[in-house]
Protein chains: 2
Amino acid sequence: MPETETPHDPDGYPVASIQSVLAALSDPVRLEMVRRLDAAGAAQPCSLLYDEVSKSTASHHFKILREAGVLERSKIGGQVHQRLRRAEVDALYPGLLDSVTAALG
Amino acid sequence: MPETETPHDPDGYPVASIQSVLAALSDPVRLEMVRRLDAAGAAQPCSLLYDEVSKSTASHHFKILREAGVLERSKIGGQVHQRLRRAEVDALYPGLLDSVTAALG
DNA sequence: CGGAAGGTTTGATGAGCATCGAACATGAGG
DNA sequence: CCTCATGTTCGATGCTCATCAAACCTTCCG
């Protein structure tokens, strides 16, 4: 029987420097992605995480967030999902995501 | 008799959006400025807050931090000083500066 | 008054980045 | 197998921004 999902596909990125994480978070499109992921509390398919930009632009932003160690790509039932790596970021920069997501309402 | 200092010269900037504050903090030169101001715990003359860039570049970075509402310019005994607006930023984005300065060691 | 020191402003330059369309990849379903 | 849906990659473009030198402003001091 096939597993319903493969929980491990960490994309191998460590959480980056505070400077890189702040840079990753300092864009309105990416901030909205993080906001929606945080609100959802679970991994989401890419298309639910933006509206105002093209697919290729969104993919570019996902990559930046992933390389900063803020997001992780996984496949759930063949669908690409993005997950907010809250625990990992919290471990390195406690309170950072809390303050940011609080500010995002 | 002239006052030894004029404590009020707030430059009139409110603390900006979380996106703008994150953008202001996402540069290595500016992060170092904030780190030194936080470590000092008091307003400092400009020249103590950077080494690696020219005066004009530093002045550019001060302006960005001021416009984001993170710094404030004041004159102490005729000397220009920069002050970290910790209380003001904390009020709007609690925990943000704490997590950032903690990450800066 | 006349320097000198400390900051700011201006103008120019080069690098980085956000953006898009088009082509490609992958997987699900008929 | 073919097609559609969903993401990613590639190449090009335009804008923003970090950087500097030079000129300017202010304040202090001789």
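The sequence lines fix the lettering, A, B, ..., with proteins before strands; numbering per chain opens at 1. Values below: all heavy atoms of this structure, side chains included; hydrogens, waters and symmetry mates excluded. Given the structure is predicted, the values throughout are model-derived calculations rather than measurements.
To the nearest angstrom, P of C:dT9 lies 13 Å from CD1 of B:I64. If you measure from atom CD of A:E52 to atom C1' of C:dT19, you get 14 Å, rounded to the nearest angstrom. Atom C1' of nucleotide C:dT9 and atom NE2 of B:H60 are separated by 13 Å, given to the nearest angstrom. Straight-line distance from the CD atom of A:Q79 to the P atom of C:dG27: 12 Å, rounded to whole Å. At whole-Å resolution of the value, NZ in B:K63 and C1' in C:dT9 are 8 Å apart. Taking atom CD1 of B:I76 as the reference point, atom P of D:dC28 lies 13 Å away to the nearest angstrom. To the nearest angstrom, C1' of C:dT8 lies 11 Å from CD of B:Q82. Atoms CZ (A:F62) and P (D:dT6) sit 14 Å apart, rounded to a whole Å.
Out of D:dC20, D:dA18, C:dG27, the shortest distance to the side chain of B:S54 is found at D:dC20. Among the nucleotides C:dT19, D:dT26, C:dG7, the one closest to the side chain of B:K75 is D:dT26. Considering only the side chain of B:C46, C:dT8 comes nearest among C:dT8, D:dA18, C:dC20.
Counting non-hydrogen atoms under 4.0 angstrom, A:S47 reaches the backbone sugars and phosphates but no base. Across all strands, A:H61 comes closer than 4.0 Å only to sugar-phosphate atoms, never to a base (heavy-atom distances).
Residue B:H81 has no polar side-chain atom (N or O) positioned under 4.0 Å from OP1 or OP2 of C:dG6. Remark: B:R73 is not in phosphate contact with C:dG6, judged by side-chain N or O atoms under 4.0 Å from OP1 or OP2. Between B:R66 and the phosphate of C:dT8, there is a side-chain N or O to OP1/OP2 separation shorter than 4.0 Å. The side chain of B:K55 contributes no N or O atom lying less than 4.0 Å from OP1 or OP2 of C:dG6. OP1 or OP2 of D:dC20 sits under 4.0 Å from a side-chain N or O of B:T57.
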From CA spacing to verdict: side chain to side chain contact (heavy atoms under 4.5 Å, CB included), B:V29, B:T57: CA-CA 10 Å; B:V29 175; B:T57 298; 5.7 Å; no
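Judged purely by atom type and a 3.5 angstrom limit, A:Y93 uses its side chain to pair as donor or acceptor with the backbone of A:I18.
A:L104 and A:R35 get closest at one heavy-atom pair: O-CD, 3.6 Å.
The side chain to side chain contact (heavy atoms under 4.5 Å, CB included) with A:R86 is formed by just one residue from the set A:V34, A:T101, A:V70; it is A:T101.
Defined by atom type and a distance below 3.5 Å, a donor-acceptor pair is present between the side-chain atoms of A:S20 and A:S17.
The base of D:dA21 lies close enough to the side chain of B:S56 for a donor and an acceptor atom to sit less than 3.5 Å apart.
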